[in-house]
Amino acid sequence: MESKAPSLLNAVPPYGHVITSEKWRNSSLIQSLKGGGVNILFEKELEQEAATRGKLVRYRHTSSRFQELVLVEKTRLSEQNFSAVQKFVVLDLGLTLLPVSGQTEASQLISQIVHGEGRENPFRRRSSSRLLDPKVLALVQRVPGVGGVKALALLQEFSSVHQLCSAAPHELEPVVGQAAAQQIHSFFHKATAAGP
DNA sequence: TAGTAGAACCG
DNA sequence: CGGTTCTACTA
């Protein structure tokens, strides 16, 4: 192998799943996606709206590893009930809704998302990997009285480092115990030089 | 409150 | 990595 930049296309793991109606099987949208390492799932009943809603709810419950994405084609017809669709998909289901003007835009959008040009892949449900990062873990361990176990416990309990820094002792206590809770709190609130 | 298992820290 | 001190939990 030469020391070229790794091929983006070959590096794509099979994480993208697209669920679509049978009638799209031969469309240009699906054809252009097939070459890009995207898994296509065909469903026959996606053509009726009521069944589609059911499918959406089902997929929302079954898929835990992927974040679902709903693409709607904006036509004059669909614009009429777009508000209803938006409310159902975004508000009720908590999914991502992307309106596109047509198949070309949809294909470009999906390819861009799946191949993730430097950005995060929205198909992959974001985990709490940001806080479980070894860097952050090592940082928290710098606090006196906090080792590996308590650092992990703290990062699992608090959703951000900022929350951790500004936490009151009584919030820290159930996680790391009374002694460490006071140590941590005074560490973040101590005066650097002579106190007040 | 005493004893023990485990965590943090230091050499 | 091993030993010591300190902490958290249970009886």
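Proteins come first, then strands; the chains are lettered A, B, ... in the order of their sequence lines, and each starts at number 1.
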Could you tell me which non-hydrogen atom of A106(A) sits nearest to which non-hydrogen atom of V100(A), and how far apart they are? CB-CG2, 3.8 Å
Verify same cluster id: V140(A), F188(A) (apolar side-chain graph, 4.5 Å): yes
Specify the closest pair of heavy atoms between P174(A) and E171(A), including all atoms of both residues, with the distance to one decimal. CD-O, 3.5 Å
Is there a path of hydrophobic side-chain contacts, each under 4.5 Å between heavy atoms of I, L, V, M, F, W or Y residues, that connects F158(A) with V149(A)? no
Just list the side-chain donor-acceptor pairs under 3.5 Å for residues 176-184 of chain A, sequence neighbours left out, or say none.
none

To the nearest 0.5 Å, what is the distance between NE2 (H162(A)) and CG (L164(A))? 10.5 Å
Which of residues 163-173 of chain A sit near DNA chain B, with a heavy atom under 4.0 Å from it? none
Between C1' on dC10(B) and CD on Q141(A), what's the gap in Å once rounded to a whole number? 16 Å
Please write out the pairs of protein N or O atoms and N or O atoms of nucleotides 5-11 of chain C separated by less than 3.5 Å, giving the distance to one decimal.
| unit_1 | atom_1 | unit_2 | atom_2 | d |
| --- | --- | --- | --- | --- |
| dA8(C) | OP1 | V176(A) | O | 3.0 |
| dA8(C) | OP1 | Q178(A) | N | 3.3 |

Counting only N and O atoms by type, is there a donor-acceptor contact under 3.5 Å from the side chain of E105(A) to the main-chain atoms of S101(A)? yes
Do you know the tightest heavy-atom contact between H189(A) and H185(A)? ND1-O, 2.9 Å
